[in-house]
Amino acid sequence: MAEKLRRKKKKSLQEREDRMGYLFVLPWIIGVLLFVLIPLGQSFYYMWFNIRITPLETKFIPVGTGNFTQIWLENPEFPQQLVTYIWQTIVEVPIIVVFALLIAMMLNGKIKAKGFFRLIFFLPVIIVSGPVMNMLVSEGASNIPAMNTQVVINAMDTFLPYSVARSIGDLFGNMIMILWYSGVQILIFLSALQKVDPSLYEAAKMDGGSGWECFWKITLPTIKNFILLNAVYTVIFMSGNEQNSLIVMIKNAMFSGTKEKGYGYASAMAWMYAIVVTLIVLLFFLLLGSKKDVYDRIAAKRRRALKKEERNLEKVRRRNARNVRRLEKARKSSRYKTYDGHGDY
Amino acid sequence: METIKARLTREKIHRFIFGTREKQGFGKQLIVYGLLICIGFVYLYPMLYMISTSFMSRDDLLDTSVKWLPNHLYVQNYIDAARSMNFVPSFLKGILIAALPTLCNVLICMMVGYGFARYDFKGKKIMMGILLFSYILPSQVTMIPTYVLYNNLGILGTILTFVLPALFGNGLNAPIFILIFYQFFRQIPKVLTEAAAIDGAGHFKTFFRIAVPSAIPAIVTVVLFSFVWYWNESYLTELYVQGLSTKSIWTNLVVQLKNFDSSFETRASVGDTATSLNESVRMAATTISILPLLIMYLILQKQFVESIDRAGITGE
C-alpha cells in the first residue's frame with residue numbers, strides 16, 4: 001500500500017515537471033495555430049469561392065468547383081507547368097542527392113587542400129536565391145556552351161513523352177544550376193560520413209573487403225537515413241524556390257485583376273500544388289524509407305515470440321489460480337470431501 | 001631472371017597506380033583530384049562568368065575577341081547598378097530584414113527545441129508530427145489567408161510581418177531550426193539539469209544558465225543559416241515585407257535585383273544612367289547583391305563549413 005502510494009506521488013511529480021514543457025512549447029503552439037493550421041483551413045474554405053475585393057467590401061461568391069474547372073479547362077498553363085514540375089523534381093532530386101554524396105565522399109577522403117575545396121562546394125549555400133539564379137540563367141551563365149540540349153531532347157522525344165524528354169533535356173542544359181542546389185546536402189552528407197565508425201572499415205579491410213564493398217555494405221546502410229533526409233530537403237527547397245514558375249503563377253493569380261481569378265482561384269491552385277508536393281515527398285519516403293534490415297527483422301520476430309510465450313504462461317498461471325479458487329470454494333461448500341489424514345479414507 | 005624482373009616492374013606499376021591498402025595509389029588520386037577540380041570549376045563557372053562580364057564595357061561585349069578578360073576594368077556598370085538598386089538603403093534594410101527575424105528565430109526555436117527535448121508531456125508526438133508537416137507544407141497554401149491576416153492587423157508592408165511569425169516559432173524554415181536544437185539538447189546529459197534543479201534553479205533558470213551556454217555551436221549554425229535564408233528570400237519578402245505596394249519603404253537587395261530590369265529602365269529613361277541596360281549591368285547588379293554575403297562567407301567560412309558538424313544535426 002505504501003509502495004503504491006509512493007509510486008503514485010512520484011509519477012505525479014514527474015507529470016507536474018513535464019507539464020512545464022507546455023510553457024516552453026507554448027509560443028510555437030500559438031504560432032502553428034495562427035500561421036499554419038488556421039490559414040490552412042481558411043484557404044480550404046476560400047477555394048470554393050470567387051472572392052472579389054471592392055473598396056467597400058469583400059464579396060464571397062460561391063462557385064463550387066468552379067475554380068478547379070477554370071484552372072484545368074481554361075488555363076492550359078497551370079496543368080502543363082504542374083506536369084513539368086513533377087517530372088523535373090522526380091528526375092532532378094536523385095541526381096542532386098547522388099552528386100552530393102559523391103562530392104561528400106571525395107571531400108571526406110584523404111586529400112590535400114581540403115579547406116579550399118570545401119570553400120568552393122559550400123559557396124552555393126550562400127548565393128542560391130531565386131532572383132540571382134534567374135539572372136544567371138537568363139544571361140546564359142548556367143549552361144555549358146558545348147552542350148547542345150536540343151539534340152538530346154529530339155533523340156529522346158522518339159520514345160518518351162515530350163514532357164519527360166524536355167525535363168531530361170533541361171537537366172543537361174541546367175547542369176550547373178542542379179549542381180548548385182546541392183550545397184546543404186553536401187554538408188549533411190559530410191557530417192554523416194564523419195560519424196561512421198572507422199573501426200568498421202578497419203574490420204572490413206582485415207577481412208579483405210575492397211573499397212567498393214565497404215561503400216555498399218558499410219557506408220550506404222549507415223547513412224541511409226540521411227539520403228532520405230536530403231531527398232526531402234531537396235524537394236522542399238525546390239518547391240519553395242522562386243525559380244519554380246508555379247509559385248510565381250500562384251502569386252500572380254492572387255493579385256490578378258481579372259474577374260475569375262483572385263484569392264479563391266489562387267487558393268485552389270495552391271492546394272493542388274501542396275498536394276502534389278506532399279505526394280512527391282511521400283513517394284521518396286516510400287522509396288527510401290527505412291526498411292528494416294535482416295537483423296532487425298529477426299530480432300523483432302524473436303521478441304514477438306517471447307511475448308507470445310509470456311502471454312501463454314500468464315494464461316496458464318491465471319487458469320491454475322482460477323482452478324485453485326474454484327476447488328477451494330467447492331471444498332468450503334463441502335461438495336467434495338478431501339482426505340485430510342484423519343479418520344477413514 | 002628476365003621474367004621476374006618484368007613482373008616486378010609490372011607489380012610496381014600496378015601498386016603505383018592503384019595503391020596498396022595503406023597508401024592511396026597515384027591513379028586513384030589523379031581521378032579524385034581531377035573530378036574535384038572539374039566539378040569545382042563547374043561550380044565556380046557562373047561566378048567567374050558573372051564577375052568577368054560585369055566589368056565589360058559595351059565595346060567589350062560586342063567584341064567577339066573578348067571572351068573572359070575585359071580590355072579594361074569598366075566600373076561604371078557597378079555605379080549605375082548600385083544607383084538603380086538604391087544600394088545603401090536597400091543594403092541596410094536588407095540587414096535589418098534578415099537580422100531581426102533571425103534573432104527571434106534563434107531565441108524561440110531554442111526554447112521550443114528545449115521544451116521538446118527535455119520534457120515528456122502529453123501530445124508531444126503529435127506536435128512533432130505537426131512540426132514536420134508544417135515544414136513539408138508549401139507556404140503557398142497558407143500565404144493567402146496570412147496575407148489577409150496581416151492586412152487586417154495593418155502590418156502589411158512592415159518588417160513586423162517577418163518578426164511576428166518568428167516570435168511565435170514559425171519563421172522561415174523554423175522547423176529545421178527547432179529540430180536542430182531538439183537534437184542538440186537531447187545530447188546534453190540529464191544529470192546536468194537535474195543537478196541545477198537540486199541546487200534550486202527553476203526551469204527557466206536552468207534553461208538560461210545551463211542549456212543556452214552549452215548550445216553555442218547550435219546557435220552559431222542557426223544564426224548563420226537563418227540569416228542567409230532570410231537574406232535570400234525574395235518571394236515572401238516581396239509579398240509581406242514589401243506588401244507588393246510601391247509605397248512601402250522595406251526592400252532588400254535580392255528583391256531589388258528581381259525588379260532590376262524595370263527600375264533600371266525607368267532610370268535610364270530619365271537619363272540618370274551612363275549606360276543602357278545590357279548584360280554587364282545586370283551582372284554587375286547580381287554581383288552587388290551577392291557581395292555582402294560573399295564577404296561574410298569568406299570571413300566566417302570556418303563556422304559555416306564546420307557548423308553542421310558541431311551542431312550535431314546528424315547525431316541520431
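Throughout, a chain's letter reflects where its sequence line sits, starting with A, and its residues are numbered from 1. The model shown is predicted, which means the values in this text are computed figures rather than measured ones. Because only heavy atoms are used, hydrogens play no part in the values below, and waters and symmetry mates are left out as well, while side chains stay in.
- Heavy-atom distances place the side chain of B/Ile178, and not its backbone, under 4.5 Å from chain A.
- Side-chain atoms of B/Leu36 and A/Ile120, non-hydrogen and from C-beta on, never get closer than 4.5 Å to each other.
- Only the side chain of B/Val148 comes within less than 4.5 Å of a heavy atom in chain A; its backbone stays farther off.
- For the pair B/Phe133 and A/Val32, the minimum side-chain heavy-atom distance is 4.5 Å or more.
- Both the backbone and the side chain of A/Ile247 come within contact range of chain B, each with at least one heavy atom under 4.5 Å from a heavy atom of that chain.
- Here A/Tyr273 pairs with A/Asn244 under the side chain to side chain donor-acceptor pair (under 3.5 Å) rule; sequence neighbours left out.
- Comparing B/Ile130, B/Ile108, B/Asn259 by heavy-atom pairs within less than 4.5 Å of chain A, the highest count is held by B/Ile130.
- Contacts from residues 18-28 of chain A to chain B, taken as heavy-atom pairs separated by less than 4.5 Å, involve A/Asp18, A/Met20, A/Gly21, A/Tyr22, A/Leu23, A/Phe24, A/Val25, A/Pro27, A/Trp28 in sequence order.
- With hydrogens and angles ignored, the 3.5 Å screen pairs a side-chain donor or acceptor of B/Tyr297 with a backbone N or O of A/Leu119.
- Only the side chain of B/Tyr150 comes within contact range of chain A, judged by heavy atoms closer than 4.5 Å.
- Counting heavy atoms from C-beta on, the side chains of B/Ile39 and A/Phe117 never come closer than 4.5 Å.
- The environment of B/Phe204 atom CZ is dense: over 12 non-hydrogen atoms of other residues, nucleotides or ligands sit within 6.0 angstrom.
- Between chain A and the residues B/Leu137, B/Val254, B/Thr146, B/Asn173, the largest count of heavy-atom pairs under 4.5 Å involves B/Val254.
- Of the listed residues A/Gly240, A/Gly41, A/Ser267, A/Ser239, the one with more heavy-atom pairs under 4.5 angstrom with chain B than any other is A/Ser267.
- The distance from atom CD of B/Gln140 to atom CG of A/Leu246, rounded to the nearest 0.5 Å, is 9.0 Å.
- For the options B/Gly113, B/Pro138, B/Gly169, B/Ala285, heavy-atom pairs under 4.5 Å to chain A are most numerous at B/Pro138.
- Across B/Pro145 and A/Pro39, no two heavy atoms sit closer than the pair CG-O, 3.3 Å.
- At a 4.5 Å heavy-atom cutoff, B/Ser139 makes no contact with chain A through either its backbone or its side chain.
- Here B/Ile136 is the residue among B/Ile37, B/Val228, B/Ile136 with the most heavy-atom pairs under 4.5 Å with chain A.
- Using a 4.5 Å cut-off between heavy atoms, B/Leu293 touches chain A through backbone and side chain atoms alike.
- The residue among B/Met47, B/Arg118, B/Glu233, B/Lys124 with the most heavy atom pairs within less than 4.5 Å of chain A is B/Met47.
- Atom CG of A/Leu34 and atom CG of B/Asn170 lie 9.0 Å apart (nearest 0.5 Å).
- At a 4.5 Å heavy-atom cutoff, the contact between B/Tyr114 and chain A is made by side-chain atoms alone.
- Atom CD1 in B/Ile144 sits 12.0 Å away from atom CH2 in A/Trp271 (nearest 0.5 Å).
- Using a 4.5 Å heavy-atom cutoff, the side chains of A/Val184 and B/Phe225 are in contact.
- For the pairing with A/Ile127, the side chain to side chain contact (heavy atoms under 4.5 Å, CB included) check across B/Asn232, B/Leu294, B/Thr286 returns one residue only, B/Leu294.
- Proximity to chain B is limited to the side chain of A/Val277, based on heavy atoms less than 4.5 angstrom apart.
- Across A/Gln42, A/Met106, A/Met269, the residue that shares the most heavy-atom pairs under 4.5 angstrom with chain B is A/Met106.
- The choice from B/Leu48, B/Leu298, B/Leu131 that makes the most heavy-atom pairs within less than 4.5 Å of chain A is B/Leu131.
- When heavy atoms are compared at a cutoff of 4.5 Å, A/Val125 approaches chain B by way of both its backbone and its side chain.
- Heavy atoms of other residues, nucleotides or ligands lying less than 6.0 angstrom from CG of A/Leu279 number more than 12.
- A donor-acceptor distance shorter than 3.5 angstrom exists from the side chain of A/Lys251 to the backbone of B/Tyr235, with no hydrogens or angles considered.
- A donor-acceptor pair is defined here as one N or O able to donate and one able to accept, closer than 3.5 Å; no such pair exists between the side chain of B/Thr142 and the backbone of A/Leu40.
- Partners of A/Trp180 under the side chain to side chain donor-acceptor pair (under 3.5 Å) rule, at least two apart in sequence or in another chain, do not exist in this structure.
- At least one side-chain heavy atom of A/Phe35 sits under 4.5 Å from a side-chain heavy atom of B/Leu149.
- Using bins of under 30°, 30° to 60° and over 60° for the plane-to-plane angle, the ring pair A/Phe121/B/Tyr43 lands in the perpendicular bin.
- In this structure, B/Thr53 has no side chain to side chain donor-acceptor pair (under 3.5 Å) partners at least two apart in sequence or on a different chain.
- Neither the backbone nor the side chain of B/Trp231 has a heavy atom closer than 4.5 Å to any heavy atom of chain A.
- Within the 4.5 angstrom heavy-atom criterion, no atom of A/Phe44 approaches chain B.
- Looking at B/Tyr135, both its backbone and its side chain come within 4.5 Å of chain A, counting heavy atoms on both sides.
- The shortest side-chain heavy-atom distance between B/Met296 and A/Ile126 does not fall under the 4.5 Å cut-off.
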